[in-house]
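Chain letters run A, B, ... following the sequence lines, proteins first and then strands; every chain starts at 1. Here the structure is a predicted model, which is why all the values come from computation and not from measurement.
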Protein chains: 2
Amino acid sequence: MPAPRAYTAILAWLEDQLRTGVISVGEKLPGERHLAEQFEISRASVREAIRVLDAMGLVRSATGSGPSAGAVVISEPSTALAWALRMHIATQALPIGDIVEARLLLETQAALESEKRPDSPERRRILEEAAQLLDEMDTPGLPADRFHESDAQFHILLTSLAGNVVVETMMASLREATIGYVQETVSGLESWPEVSCTLQEQHRGVLQAVRERRGEDAAEALRHHITWFYGLSDHR
Amino acid sequence: MPAPRAYTAILAWLEDQLRTGVISVGEKLPGERHLAEQFEISRASVREAIRVLDAMGLVRSATGSGPSAGAVVISEPSTALAWALRMHIATQALPIGDIVEARLLLETQAALESEKRPDSPERRRILEEAAQLLDEMDTPGLPADRFHESDAQFHILLTSLAGNVVVETMMASLREATIGYVQETVSGLESWPEVSCTLQEQHRGVLQAVRERRGEDAAEALRHHITWFYGLSDHR
DNA sequence: CCCGCACTGTGGTCTGACCACAGTGGTCAG
DNA sequence: CTGACCACTGTGGTCAGACCACAGTGCGGG
């Protein structure tokens, strides 16, 4: 019993409320002052709990009044995980190489899995959106950061075809967390136009393989695509 | 420009300090009062930042005085991620089925990868430890929760053989986050002694395959092991 | 020499206050 | 009656200052 912090009461309470379905995504939490009274802790402690929930992507709080104000339960694990990942990468506890490898693993397996998924409007919509993204990325003179953002989005879309929310979330987190490093690498590259062109060719190859349900081909193309690009950086 | 919260200054500062190596794991942060003065924010805001970092597994703070007191930079992503995962599972945004599938994916791929890793004292130590865990789990009358804890530890150890910290971390998080659900499922099982016996047989089979570098066999055994056990629950 | 206790600085918590913000509802001019 | 306007109210965001428990530190007495 080493010091159960005051705010943990709220976290435990929320978890229970969520599990039992009393509160679900989209609903509002009671006001901070109300929670403080209810748990007999200070508002400062309540706020610490809210901060933690916010950092986890479980809650979004807004000022003002009316229905849109207050702490609303959301579920955005990927942005929160991405943030946490970035910080842990900064500590150098998580080597970039391992990140890339993990990402490769998730993405190739997702490609293999998506091969087996039945056709659906959802699937067609995703493929369509992915194709559009690629087209946008062909825009001449597109800023590198826009390119990378669309690039990340493209990969996440492909992963989502596997239909596994958890895998998709992990992919999104890894991607968002590393996008800064990607930009850093590329900014030191003189041959960016050629590189982006090659990347686009690879993207189209992957998309084509996925569309035609050639899972093995897609996975292999992804592997080549990712390792090739990662090889451009100096990994110091 | 929508309201940059006061405490984000500290988060950004810490990330920078970590990336540039000014601060690294194991070192202490300045005191809360000092940080408050340095960033010209209130101590309450500083504490919110520390809370967030704490929730992310980046910092551990302790009371008292001397070198052991204060906020120390650590790097324990797995416990933090596990906590976040559990909460998001509670919101039902992350279906258990997807969690199990993701875990299966990571673990089988890790088994395939570990096949290729060279021998090393590290590897031998891990295999030894895994074997010991299995022996402990054979103890008659072992409480179910102890069994599951060792079980989780066993799987994480196997995953660590692949030598990828990120994959290992994700596995550990998934495992820790779901352990509660596992216990819930098992507690409604009357044939637990038989089940645990079967699980142990499967564990030994997996360990044997890994030890002998039969990656495919290990992966297949893991797949069977996990899907079989997951099949015992009713997935409502 | 060693034991014990006051001292000091740390995080943990609380109180009470003020601010900016955004809906709400009333008022008043047209 | 209709519309624009504005004070009101409740929300989160921030702050200042205080007190507590805790754990090392170091001085003092035995």
With a 4.0 Å cutoff (strictly under), does any side-chain N or O of Ser65(B) reach OP1 or OP2 of dG24(D)? no
From the candidates dA16(D), dT11(D), dT13(C), the one with an atom nearest any side-chain atom of Glu48(A) is dT13(C)
Phosphate contact (dC15(D) OP1 or OP2) by Ser42(B) side-chain N/O below 4.0 Å: yes
Need the pair for dC20(D). Rule: Watson-Crick or G-U wobble, both distances under 3.5 Å, any strand; none if unpaired. dG11(C)
Check whether the side chains of Glu136(B) and Thr139(B) place a donor and an acceptor atom closer than 3.5 Å, and report yes or no. no
Enclosure of Gln183(B) CD (heavy-atom neighbours >12, cutoff 6.0 Å): yes
Output the rounded distance in Å from CD (Glu37(B)) to C1' (dG17(D)). 15 Å
Would you please confirm or rule out a distance under 4.0 Å between OP1 or OP2 of dG12(C) and any side-chain N or O of Arg47(B)? yes
Whole-Å distance, Arg5(A) CZ to dG12(C) C1', equals 8 Å
Rounded to whole angstrom units, what separation is found between the CZ atom of Phe39(A) and the P atom of dT13(C)? 15 Å
Rounded to the nearest angstrom, tell me the gap between atom CG in Leu35(B) and atom C1' in dG9(C). 15 Å
On a heavy-atom basis, which atom in Val52(A) and which in Arg51(B) lie closest, and how many Å separate them? CG2-O, 4.1 Å
Both distances under 3.5 Å, Watson-Crick or G-U wobble: report the partner of dC6(D), or none. dG25(C)
When you check the gap from the basic side-chain N to the acidic O, do Arg86(A) and Glu176(A) get nearer than 4.0 Å? no
Please determine whether any donor N or O and acceptor N or O are separated by less than 3.5 Å between the side chain of Arg33(B) and the base of dG11(C). yes
So Ile41(A), base contact, sugar-phosphate only, or nothing? Heavy-atom distance under 4.0 Å. sugar-phosphate
In whole angstroms, the gap separating C1' of dA22(C) from NZ of Lys28(A) amounts to 12 Å
What about Arg43(B): does its side chain form a donor-acceptor pair under 3.5 Å with the base of dG12(C)? yes
Quickly work out the Glu32(A) CD to dT15(C) P distance and round it to whole Å. 15 Å
If you draw the axis of the six-membered ring of Tyr181(A), does the NZ or CZ of Arg19(B) fall within 45° of it and under 6.0 Å from the ring centre? yes
Below 3.5 Å, does any donor atom in the side chain of Arg60(A) face an acceptor in the base of dG12(D), or the other way round? no
Does Ala69(B) reach a base, just sugar-phosphate, or nothing at all? Heavy atoms under 4.0 Å. nothing
Quick one: is dG13(D) close enough that its OP1 or OP2 comes under 4.0 Å of any side-chain N or O from Ser61(A)? yes
Identify whether the distance between the nearest side-chain nitrogen and carboxylate oxygen of Glu37(A) and Arg33(A) falls below 4.0 Å. no
Given dC18(C), dA23(D), dC15(D), which nucleotide is nearest the side-chain atoms of Ala6(B)? dC15(D)
OP1 or OP2 of dG12(C) less than 4.0 angstrom from a side-chain nitrogen or oxygen of Arg51(B), does that happen here? yes
Among the candidates dC21(C), dG24(D), dG12(C), find the nucleotide nearest to the side-chain atoms of Thr63(B). dG12(C)
5' priority, DNA chain C, between Leu29(B) and Glu40(A) [closest heavy atom]: Leu29(B)
Out of dC14(C), dG12(C), dG23(C), whichever nucleotide has its closest atom nearest the side chain of Ser45(A): dC14(C)
